[in-house]
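Inspection log for the structure reproduced underneath, given as structure tokens.
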Amino acid sequence: MAMDYKNSLNLPKTDFPMKADLVSREPKRLEQWLANGLYEHIQARRAGAERFVLHDGPPFANGDVHIGTALNKILKDFIIKYHTLRGQSAPYVPGWDCHGLPIEFKVVQELRKKSGEAAAGADAATIRRECAAYARKYIDLQRAQFKRLGVLGDWDHPYLTLDPAYEAAELGMFADIVDKGFVYRGKKPVYWSIPCRTALAEAEVEYQDHVSQSVFVKFPVVGRPNTFVVIWTTTPWTLPANLAIAFNSTMSYTIVYTGDASYIVAVSLLSSVAEKCGWENYQIMRSLSGEELATYVCQHPFCNRPAPLLAGDAFVESTTGSGFVHIAPGHGLEDYQLGRQNGLPIFSPVDDNGCLCHTQDLPIEQQMPASLIGKSILEKNHKSEANEAVLELLREKQMLLRQEDYTHSYPHCWRSKTPVIFRAMDQWFIRIDHQDFRNQALKAIEQVKWIPDWGKNRIEGAVKSRPDWCISRQRCWGVPIPAFYDAQRNPILDARIVRNAAALFEKSGSNVWFEKTAQELWTLLRPADWTGPEAAAKSTDTLDVWIDSGSSSRSVLMKRPELAHHLAGVDDWQADVYLEGSDQHRGWFQSSLLLSLAGNGAPPYKTVLTHGFMVDADREKISKSKQGQGGYQKPQTSEAYVKK
């Protein structure tokens, strides 16, 4: 009979199961932690210890927790627990970003399903109530999913950008920035999303390859029969807004003769233009200097207005096109700047729907032909009504030399995934170069520790190149901009009014801005010693959501007592660490830096740690907008993993 050796071994007897069975056992362990108040016990044990603050960048309150968001929260949890084990007091206050276009977009879609097209006319207060409910639903869902990942924090008291107290502190910071002269109202080109009917911030724009209809167009030279300047553009729909032509005074130009006409192009691009336009046996007549070109004026190819030649050395290049750039000050930043320098009107004949229209900026006889009015710029299958109508008009006038497809990187709306347009319109801006502010921001970047160190170069590049910050949105789900307009539509934005609005919002919520009339709000918010113009209307714009999350240094770090450092009796509100993905150098890292520097006088963080992205088997980033593509399957949520 074989001996049972097991009984001869002196082993401890436990009730540990043979199978780990994490999928069923781990939730029970987490429930026990929560039931026993583990996080609260840890904070109590660390009371009075040296403080370490990692400030949470708020995820957006829509959808399940994506695996990339889970990575971010788990990394934060590692750091918090490490500093706790080192004996420090390391509280963790999670937060959520609750406003913005993606939520409003989804809510309006759902309202349409319930109520048909009548939802398009739903009042702002109704949409805002639905958006708040939508955001809170996903806050609860994501909170449960973050807890399931084992992340410890003050989950019962998170910061939410839709809370009245948060909004009030945000407006308090905005009032300080207004007081210092950073904020102005101006008409200049901004990114405009046609489907979403709103201006976009730089961080809400994604660059993708795009096929444009590029054209070489003839502009007749006034006083020189059968002589034409040749321009090249990839946006034919902007030609109705043309007011000038730019050249580079450092480049060489020439007049060539072919067929029965003369054409002016850059010498360096002559062979390329000749090949594309089919010029055979052309003759070079003579060269032209920059001084001579500056005396030329052209006639618009199909509108009753002149197009003077202006030096634009900063952006007219010798690598593509013809050496001449058509200038539409209402549809490009460089065009706008050149137009302002030369006294041109900021003419942008496009309405909120993205259709060509008449405006007040030029006499009606100088505006576009009636055949173009109402044509949509929005592209379908790389073509748009506006482009096709302009091309047809150019052919009819015999001003089109060449048309071809051109593939290039072009900005797209992050939400609708459609190409954006540049459109000049009245918006609110933060002036980045106010009182040497850009250089102050670059110096502040030097004071911060960046891990890895390439993060410093990335944010420096973003700050150096960014234009003035367009902070107004033509949407209702956001923090209202407490501005008014007088009877002549002149804007009224006063720091005292903004602070009064902050107090009102903290007491009654920001929905009050949409529920009360302009006169009711003016009566409530106007300072007692007001001597300025009286308000006739209220602003309907909301603040860019990057203002919401970016102002958390004021709304959270300065307001939550458990996050305050106390060193030698001096309050130190700066966070020890911000930790987010590498896309946030254009986003939260930058908006937080600029707002804190302008409003608080210092960066909001001492160290910025950047992590990479979750990738699939092909080393491609796993993103929410591309789930199911490229070697991985939906759903890429944290739930899909912990259930395994």
Non-hydrogen side-chain atoms of [X] and [Y] separated by less than 4.5 Å:
X: Arg143; Y: Asp140; result: yes
X: Arg526; Y: Phe484; result: no
X: Trp428; Y: Leu493; result: yes
X: Thr69; Y: Gln142; result: no
X: Glu110; Y: Glu130; result: no
X: Leu200; Y: Val420; result: yes
X: Ser539; Y: Tyr485; result: yes
X: Pro91; Y: Leu563; result: yes

Polar side-chain atom of [X] near backbone of [Y] as donor-acceptor pair, under 3.5 Å:
X: Arg197; Y: Gln474; result: no
X: Ser596; Y: Leu593; result: no
X: Arg128; Y: Cys476; result: yes
X: Trp450; Y: Ile445; result: yes
X: Ser193; Y: Thr198; result: no
X: Thr607; Y: Val577; result: no
X: Gln145; Y: Val65; result: yes
X: Glu104; Y: Cys131; result: no
X: Arg458; Y: Arg586; result: no
X: Glu170; Y: Thr161; result: no

Out of curiosity, [X] [atom1] to [Y] [atom2], how far, rounded to the nearest 0.5 Å?
X: Tyr159; Y: Arg560; atom1: OH; atom2: CZ; result: 10.0 Å
X: Leu162; Y: His99; atom1: CG; atom2: NE2; result: 5.5 Å
X: Leu524; Y: Lys516; atom1: CG; atom2: NZ; result: 6.0 Å
X: Arg438; Y: Ser465; atom1: CZ; atom2: OG; result: 8.0 Å
X: Ile481; Y: Thr542; atom1: CD1; atom2: OG1; result: 6.5 Å
X: Ile377; Y: Cys355; atom1: CD1; atom2: SG; result: 7.5 Å

Between [Y] and [X], is the closest basic N to carboxylate O distance under 4.0 Å?
X: Glu562; Y: Arg51; result: no
X: Asp56; Y: Lys73; result: yes
X: Asp352; Y: Arg423; result: yes
X: Lys456; Y: Glu446; result: yes
X: Asp426; Y: Lys187; result: no

Margin query: Ring-plane angle category for His585 and Phe589, please: parallel below 30°, perpendicular beyond 60°, tilted otherwise.
Written below: perpendicular

Next item on the list: Any chance you could lay out the side-chain hydrogen bond (donor to acceptor under 3.5 Å, both in side chains) test for Trp530 and Asp494, step after step, and finish with the verdict?
Entry: CA-CA 10 Å; Trp530 182 256; Asp494 186 280; over 6 Å; no

Notebook entry, point to check: How far apart are the C-alpha atoms of Asp163 and Arg136, what are their side-chain angles, what is the distance that settles it, and do they pass the salt bridge (charged side-chain N to carboxylate O under 4.0 Å, His left out) test?
Noted result: CA-CA 11 Å; Asp163 280 345; Arg136 289 189 182 278; 3.5 Å; yes

Checklist line | Worked check of side chain to side chain contact (heavy atoms under 4.5 Å, CB included) between Leu378 and Thr418 | finding: CA-CA 8 Å; Leu378 187 63; Thr418 57; 4.3 Å; yes

Item checked: ring-ring contact (aromatic ring centres under 6.0 Å, His included) partners for Tyr336, two or more places apart -> none

Tell me if the [atom1] atom of [X] is crowded by more than 12 foreign heavy atoms within 6.0 Å.
X: Gln109; atom1: CD; result: yes
X: Lys137; atom1: NZ; result: yes
X: Lys147; atom1: NZ; result: yes

Next item on the list: Take Gln427 and Ser472 through the test side-chain hydrogen bond (donor to acceptor under 3.5 Å, both in side chains) and record every step on the way to the result.
Entry: CA-CA 6 Å; Gln427 297 281 357; Ser472 45; 2.4 Å; yes

Least distance between heavy atoms, [X] atom then [Y] atom:
X: Pro59; Y: Gly95; answer: CD-O, 3.1 Å
X: Pro195; Y: Phe105; answer: O-CE1, 4.5 Å
X: Thr359; Y: Asp361; answer: OG1-N, 3.1 Å

Solution key, residues 175-182 side-chain donor-acceptor pairs under 3.5 Å, sequence neighbours excluded:
from	atom 1	to	atom 2	distance (Å)
Asp176	OD1	Arg499	NH2	2.8
Asp176	OD2	Arg554	NH1	3.2
Asp176	OD2	Arg554	NH2	3.0
Asp179	OD2	Arg499	NH2	3.3
Lys180	NZ	Ala598	O	2.7

Next item on the list: Using the ring pair (Phe, Tyr, Trp, His ring centres under 6.0 Å) rule, pick out the option among Trp573, Trp588, Tyr92 that qualifies with His55.
Entry: Trp588

Margin query: Just to verify, what does Gln43 make a side-chain hydrogen bond (donor to acceptor under 3.5 Å, both in side chains) with, not counting sequence neighbours?
Written below: none

Notebook entry, point to check: After noting the C-alpha distance and the side-chain angles of Ile346 and Arg340, does the key distance pass the side chain to side chain contact (heavy atoms under 4.5 Å, CB included) rule?
Noted result: CA-CA 8 Å; Ile346 310 305; Arg340 287 292 299 271; 4.0 Å; yes

Check: Hey, would you say the Phe422 and Tyr191 ring centroids sit under 6.0 Å apart?
Finding: yes

Item checked: Derivation and outcome, side-chain hydrogen bond (donor to acceptor under 3.5 Å, both in side chains), residues Lys76 and Asn72 -> CA-CA 6 Å; Lys76 290 172 180 174; Asn72 177 264; 2.8 Å; yes

Checklist line | cation_pi(Arg431, Tyr184) dist<6.0 Å, angle<=45 | finding: yes

Item checked: Six-ring centre of Tyr134, Lys106 cation under 6.0 angstrom, axis tolerance 45° -> no

Next item on the list: Check the pair Leu521 / Trp513 against side chain to side chain contact (heavy atoms under 4.5 Å, CB included), numbers first and verdict last.
Entry: CA-CA 7 Å; Leu521 288 166; Trp513 184 265; 3.7 Å; yes

Margin query: For a side chain to side chain contact (heavy atoms under 4.5 Å, CB included) check, start with the C-alpha distance between Ile421 and Thr238, then their side-chain angles and the critical distance, and finish with the verdict.
Written below: CA-CA 10 Å; Ile421 64 173; Thr238 62; over 6 Å; no

